[in-house]
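In this text, all values refer to a predicted model and were calculated from it rather than measured experimentally. Start at 1 with the first residue, then count along the sequence. Start at 1 and go down the list; that is how both ligands and their atoms are numbered.
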Amino acid sequence: MTAAERLSDVRARIEAAAGRAGRDPAMVTLVAVSKTFPAEAVTPLIDAGQMVFGENRVQEAARKWPLLLARHTDLRLHLIGPLQTNKTKDALALFHAIHSLDRDRLAVAIAREIAAGARTPELFVQVNTGEEPQKAGVSPREAAGFVRRCREVHGLAIDGLMCIPPVDDLPGPHFALLGKIGREAGTSGLSMGMSADFETAIAFGATHVRVGSALFGGRASPAPRARSGGDQERGPGSEGGEEAE
Ligand SMILES: *Cc1c(COP(=O)(O)O)cnc(C)c1O
């Protein structure tokens, strides 16, 4: 299959899943996750009309995207991996949405850059629905309070919540939990669902599905399992692990 064929296949599956759930497929944004793939792999999808892409590392995106963004002004880039506070400025120069807001220090840094003239990104608070120690995200218990602090203390508009269910769990209960927290917190967006489970996520109300391998094919080993939003994909010479705070 060509990239364009895979794209129309994924789009058809999104439409069918939305139809089964009685939802409008236009309410589901496909974020094409192009991490590890070069710009040449991305252009056929852009030519086929895909305008929303996801990357999990700021540095990789900074190498891959500036030229494409300059050429196609409709493109929207989403950061789906962890963001180190000291890369906030670089991230906001590239990305239109951040899916990994999970701590006050990062909220402060984002608010400061916006005040200094950076673009206001769409913001998703990442929730560690499986409470996995190695995974980023606020705990389900703290999520609504964190959203409130982002709004009231940090002055940030929060567009939604994001989660990455544990690889060994059924995803449905995690998607349901994220939806419940979203109702409590008064957020409308739900960034959930990847290649293996985006149809399930749509049944549970996903507004953004993050699909990589179903569009681009398998990624080179060491096989990223998307388990921790990219944490485990960092090799030597990459951006490093969790920032020390
Ligand atoms: C890599 C990644 C994805 C895409 O995963 P696929 O299984 O390739 O669709 C989605 N979300 C996050 C946070 C990721 O790191």
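When H78, M162, M194 are ranked by how near their heavy atoms come to atom 3 (C) of ligand 1, first place goes to M194. Proximity annotation for atom 8 (O) of ligand 1: of S213, C163, A136, S34, S213 comes nearest, heavy atoms only.
E131 and R141 are joined by a salt bridge, as a carboxylate oxygen and a charged side-chain nitrogen come within less than 4.0 angstrom of each other. Using a cutoff of 4.0 Å between basic side-chain nitrogens and carboxylate oxygens, R11 and E15 are not scored as salt-bridged.
Within the 4.0 Å heavy-atom shell around ligand 1 one does not find H99.
Close contacts of ligand 1 with V211, meaning ligand atoms under 4.0 Å from a residue heavy atom, involve 9 (O). Atoms of ligand 1 lying under 4.0 Å from any heavy atom of S195, numbered from 1 in the order shown and given with element: 6 (P), 7 (O), 8 (O), 9 (O). Of all the atoms in ligand 1, the ones that sit under 4.0 Å from a non-hydrogen atom of R210 are 4 (C), 9 (O), 10 (C), 11 (N), 12 (C), 13 (C). Contact atoms of ligand 1 toward I164: 13 (C) (distance under 4.0 Å to a heavy atom of the residue).
R219 and S213 share no donor-acceptor pair across their side chains, judged by distance under 3.5 Å alone.
Ligand 1 has an N or O atom lying under 3.5 Å from an N or O atom of G212, backbone or side chain. For ligand 1, the polar-atom distance check finds no N/O of N56 at less than 3.5 Å from any of the ligand's N/O atoms.
Using a 30° and 60° split on the angle between ring planes, F37 and F216 fall in the parallel class, below 30°. Note on ring orientation: taking the six-membered ring where Trp is involved, the planes of F124 and H99 are parallel (angle under 30°, cut-offs 30° and 60°).
Contact check for M27 versus T207: no side-chain heavy atoms found under the 4.5 Å cut-off.
Summarising the local packing, CZ of R119 is surrounded by more than 12 heavy atoms from other residues, nucleotides or ligands at distances under 6.0 Å.
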